[in-house]
Undergrad: 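Next up is a structure, given as structure tokens.
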Amino acid sequence: MRPENKLAYFGNKPVFDVPRSTSNLVQPSKEKFLSYLKPTYSSKIICNSGSLISLFEQRFAELHGAKHCIAVCNGLWGLVLTIYCLKKDNCSEVIMPSLTYRRLADIAAWVKLTPYYCDVDSTTLGLTRETAAGSITNNTALILAPHPIVNLCDIDGLIDLANEEGLPLLFDSVESYYADHKGKRIGSFGDAECFSMHASKFINGFEGGYITTNDNQLAEKLRWTRNNGIDELDNVKYFGINAHLTDLHAAFGLASLDEVEDQVEKNKERFFQYKTLLENVDGLRLVEYATEEKRSFKNILVELNSKWKLPRDITLKLLQAENMIVRPYYSPPLHEKETSYATIKGDLKNTNELKGKFMLLPCGEFVNLNDIKIIVEYLDFINAHADYILSLEKSKH
Ligand SMILES: *Cc1c(COP(=O)(O)O)cnc(C)c1O
């Protein structure tokens, strides 16, 4: 079939009626959710961190092998509060990658700190000791290291660097909840780690987040800060905000947690379906998960290499027209975005080479193995007809 008779971009019916997205959107069982919530409902104590939040914090601390878990209203405020509590006094710069989550710079700005963008490693797409080290100045307040979407950043190298330089190190571990590093679950590395339970993430709490740490003092400070700065004697003693997790979200998160192994099995099936089928498609390299350690297999990331003949933006448009909600990987990088606050750009050589090359494919609960067959078939089709599609595209404008 010719592209103009098949593709939705040229006016045909989209292959999917309902969008297939890159969000996870796993819902736990309703019964489980309600059973976690029941005691709260009966107790009539429904605000400010009651026994369900204690249970939540205990379960998640245990799971991550961390001394403390502090539940918060979402991932963003978890990061803001942790940076606020950890940052080195009288210093104003936060080291972070540019090729990362689109809100990360705003998070630093909320604490009135200046993002200092550093490079990422071209293989792992994450921070390493080497890429972060060049951005350290006398003014560095903290290193903020988000794990990339697939696999992990250089945990050991960054811990060494932070120790040598006397700098706080915070991992944004939203994308690596389930991962192991050297046989140890993510959650107790560096000074603290932050997680999100937004519905699009691995653990769905409808909303919500939490922080894990082994640092007693930090945990205490985070609890006050989260609770409007109110101490255990009910005095407003500190600078704070209301950043509680509600019992509703805790119940949802706990119910999701109970079904995690099942989710990972399904993610694996989807990942290996992509892997098998993409082997026959020119121009796309699937970014693989480390097999020697635990991984969630949630995200499907591909690199468009020299044999992929369509520009990424046109590739995205063609697929999105079919209701395949594909996304460019962390695009544009943070250093290319206009902000209302100052930023500092370090050496971004790898970032500039990588920024146009990656794309996320549909994944999560609403994508089945047959959908993946269709998605890969379309990928193969558009690359095979790339020259012709580009000529059609030209005459369209
Ligand atoms: C989603 C996300 C966050 C923010 O979490 P919210 O709960 O949505 O505020 C932070 N970091 C990364 C890497 C994320 O993907």
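Remember, it's 1-based here, ligands and their atoms both numbered in the order they're listed. Computation of the quantities below employed the complete heavy-atom set of this structure, encompassing side-chain atoms and omitting hydrogens, waters and symmetry-equivalent molecules.
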Undergrad: Around atom 11 (N) of ligand 1, find the nearest protein heavy atom and jot down its residue, atom name and distance.
TA: Asp172 OD2, 2.6 Å
Undergrad: Considering only NZ, NE, NH1 and NH2 on the basic side and carboxylate oxygens on the acidic side, decide whether Glu164 and Arg129 come within less than 4.0 Å.
TA: yes
Undergrad: Quick one: which ligand 1 atoms are inside 4.0 Å of a heavy atom on Gly75?
TA: 5 (O), 6 (P), 7 (O), 9 (O)
Undergrad: Pair His68, Asn216 - check side chain to side chain contact (heavy atoms under 4.5 Å, CB included), show working.
TA: CA-CA 8 Å; His68 306 277; Asn216 298 340; 2.8 Å; yes
Undergrad: What's the shortest distance from atom 4 (C) of ligand 1 to any protein heavy atom, and which residue and atom give it?
TA: Tyr101 OH, 3.4 Å
Undergrad: May I ask you to decide if Ala290's main-chain N or O and Asn151's side chain share a donor-acceptor pair within less than 3.5 Å?
TA: yes
Undergrad: Looking only at protein heavy atoms, which one is nearest to atom 9 (O) of ligand 1, and what is the separation?
TA: Leu76 N, 2.9 Å
Undergrad: Any salt bridge linking Arg20 with Glu322? Criterion: basic side-chain nitrogen under 4.0 Å from a carboxylate oxygen.
TA: no
Undergrad: Check for a donor-acceptor pair, side chain of Arg223 on one end and backbone N or O of Ile70 on the other, with a separation under 3.5 Å.
TA: no
Undergrad: With a 4.0 Å cut-off, would you call Asp262 and Lys266 a salt bridge?
TA: yes
Undergrad: Look only at interatomic distance and state if Ser196 has a nitrogen or oxygen under 3.5 Å from any nitrogen or oxygen of ligand 1.
TA: yes
Undergrad: Give the residue, atom name and distance (to 0.1 Å) of the protein heavy atom nearest atom 14 (C) of ligand 1.
TA: Lys201 NZ, 3.0 Å
Undergrad: Could you see which bit of Glu175 sits under 4.0 Å from ligand 1, with heavy atoms only: side chain, backbone, both or neither?
TA: side chain
